Enquirer: 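Can you read through this structure? Questions will come right after.
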Amino acid sequence: MKVGVLSLQGDYPEQAAAIRALAGVGGVRMVRNRADLEQVDALLMPGGESTTVGDLLDRTDLREPLAERIRDGLPVLATCAGLILLARTVEPSSFGADPASIGAIDVSIRRNDYGRQAESFEAPVQVEGLRAPFPGVFIRAPRITGVGAGVEVFARQGAERVGVRSGSIWGLTFHPELSPDRRVHELWLAAAGRSAQPANQKIKKSPSTKTKPTRRNHG
Ligand code: GLN
């Protein structure tokens, strides 16, 4: 399986390093444009600054193709800023403009809701499917404030919901790539492998009819 890492801003090098060595990964591709996106069977959306990544999704014309591939079932592991960008609702934060999100997973989220950088912390996370707790690294983390009916909470830190999944979309508010522990990546990879189809079956061919493809509004 070829795994893409959205590489516009944030800790994508760490995500690429974390996934590269795992069994079942047949290559890692840094995703910066549509052609990259079309070549991957699964995608990591790393942490970073969600407003910046959101802006870059628009500037690189990736927002719509990304939304479309996710709708078509592309397995995604989104962490922190990545999850903010996938959420259905980004609740207003006190940190200025919040990004427009893709709305691929039915959760509400609020940015930086544990406080500023100084309030970043590490804490054990209970992850479904893992016997021992996972060492969670939370960096200016968002808080999941609401979860839709079709969304399963599979990771908790105390009473907080810190891991959610819906079909092949997984979202975390912590950073598994910053721990040496690879169990969360392995769980996701196994689930992705079960649901992924080869990338070449996903590429949309241009319509063969004479009608021109319409260019949709990027919002
Ligand atoms: N605070 C960042 C944001 O709002 C997210 C932090 C992170 O990805 N660790 O986008």
Side-chain angles (χ1 to χ4, degrees), residues 3-19 30-32 42-60 62-63 66-67 70 76-125 127 134-147 151 153-158 160-165 169-182 184-185 188 219:
V3 180
V5 181
L6 185 67
S7 302
L8 300 178
Q9 188 268 341
D11 80 332
Y12 57 85
E14 288 81 359
Q15 280 287 23
I19 201 83
M30 309 313 257
V31 171
R32 297 196 168 92
L43 184 70
L44 295 172
M45 288 180 66
E49 195 55 47
S50 54
T51 47
T52 305
V53 179
D55 190 38
L56 290 169
L57 281 178
D58 293 326
R59 287 207 226 168
T60 55
L62 258 178
R63 183 181 289 269
L66 177 62
I70 294 174
V76 179
L77 176 61
T79 49
C80 288
L83 177 57
I84 294 168
L85 288 164
L86 287 192
R88 168 146 309 170
T89 308
V90 181
E91 293 194 20
S93 72
S94 52
F95 289 83
D98 298 306
S101 61
I102 286 171
I105 182 162
D106 189 8
V107 297
S108 316
I109 200 160
R110 194 180 298 117
R111 298 172 61 216
N112 303 338
D113 212 40
Y114 296 89
R116 291 180 179 272
Q117 188 65 33
E119 275 82 53
S120 294
F121 61 99
E122 288 189 43
V125 171
V127 180
F134 187 88
V137 176
F138 294 82
I139 301 173
R140 293 178 64 225
R143 180 177 270 128
I144 295 169
T145 54
V147 172
V151 175
V153 177
F154 75 97
R156 292 178 191 269
Q157 186 271 309
E160 297 286 346
R161 298 167 284 200
V162 300
V164 285
R165 60 188 167 207
I169 305 171
W170 291 33
L172 307 170
T173 62
F174 59 100
H175 284 270
E177 73 285 4
L178 299 184
S179 306
D181 192 321
R182 291 289 160 262
V184 169
H185 283 88
W188 171 74

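Every number for a ligand or one of its atoms is a count from 1 in the order of the listing. In this text, all values refer to a predicted model and were calculated from it rather than measured experimentally. Numbers for residues simply follow the sequence, beginning at 1.
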Enquirer: Within the 4.5 Å heavy-atom criterion, are Ser179 and Glu122 side-chain neighbours or not?
Expert: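 Heavy-atom side-chain distance check fails, nothing below 4.5 Å.
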Enquirer: Going by atom types alone, do Glu91 and Thr145 pair a side-chain donor with an acceptor below 3.5 Å?
Expert: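 Yes, a side-chain donor-acceptor pair sits under 3.5 Å.
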Enquirer: Can you pull out the closest protein heavy atom to atom 7 (C) of ligand 1? Residue, atom name and distance to 0.1 Å, please.
Expert: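 For atom 7 (C) of ligand 1, the nearest protein heavy atom is Cys80 CB, 3.3 Å.
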Enquirer: Where is the nearest protein heavy atom to atom 5 (C) of ligand 1: which residue, which atom, and how far?
Expert: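 It is Gly48 O, 3.3 Å.
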Enquirer: Do Trp188 side-chain atoms and Val76 backbone N/O form a donor-acceptor pair below 3.5 Å?
Expert: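 Checked: pair present.
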Enquirer: At less than 4.0 angstrom from any non-hydrogen atom of Gly47, what atoms of ligand 1 do you find?
Expert: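 In order of number, 8 (O).
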Enquirer: Could you tell me how the ring of Phe138 sits relative to the ring of Phe121: parallel (under 30°), tilted (30 to 60°) or perpendicular (over 60°)?
Expert: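 Rings of Phe138 and Phe121: parallel, under 30°.
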Enquirer: How far apart are the closest heavy atoms of Ala100 and Arg63, and which atoms are they?
Expert: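 Minimum heavy-atom separation between Ala100 and Arg63: O-NH1, 3.1 Å.
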Enquirer: Is there a donor-acceptor contact under 3.5 Å from the side chain of Arg32 to the main chain of Ser7?
Expert: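 It does hold such a pair.
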Enquirer: With only distance considered, is Thr51 within less than 3.5 Å of ligand 1 through an N or O on each side?
Expert: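 Between Thr51 and ligand 1 (N or O atoms, distance only) the closest approach is not under 3.5 Å.
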Enquirer: In terms of atom number and element, which parts of ligand 1 are under 4.0 angstrom from non-hydrogen atoms of Ile84?
Expert: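 It comes down to these atoms of ligand 1: 3 (C), 4 (O), 10 (O).
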Enquirer: I'd like to check which ligand 1 atoms, numbered from 1 as shown, lie under 4.0 Å from a non-hydrogen atom of Ser50.
Expert: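 Answer, ordered by atom number: 3 (C), 4 (O), 10 (O).
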Enquirer: To the nearest 0.1 Å, how far is atom 1 (N) of ligand 1 from its closest protein heavy atom, and which atom is that?
Expert: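 Sorting protein heavy atoms by distance from atom 1 (N) of ligand 1 puts Asn112 OD1, 2.4 Å first.
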Enquirer: For the pair Glu49 and Arg140, find out whether any cationic side-chain nitrogen is under 4.0 Å from an anionic carboxylate oxygen.
Expert: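 Yes, Glu49 and Arg140 are salt-bridged.
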Enquirer: If you measure every N or O of Pro142 against every N or O of ligand 1, does any of those distances drop under 3.5 Å?
Expert: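 Pro142 vs ligand 1: no N/O contact under 3.5 Å.
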Enquirer: Go through ligand 1 atom by atom and flag the ones less than 4.0 Å from a non-hydrogen atom of Glu49.
Expert: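 The atoms of ligand 1 under 4.0 Å from a heavy atom of Glu49 are 3 (C), 4 (O), 10 (O).
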Enquirer: In terms of atom number and element, which parts of ligand 1 are under 4.0 angstrom from non-hydrogen atoms of His175?
Expert: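 Counting from 1, the qualifying ligand atoms are 7 (C), 8 (O), 9 (N).
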Enquirer: Among all the protein's non-hydrogen atoms, which is closest to atom 4 (O) of ligand 1, and how far away is it?
Expert: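 Protein heavy atom with the smallest distance to atom 4 (O) of ligand 1: Arg111 NE, 2.7 Å.
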Enquirer: Indicate whether any N or O donor in one side chain lies under 3.5 Å from an N or O acceptor in the other, for His185 and Gln15.
Expert: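 Result is yes, a qualifying pair exists.
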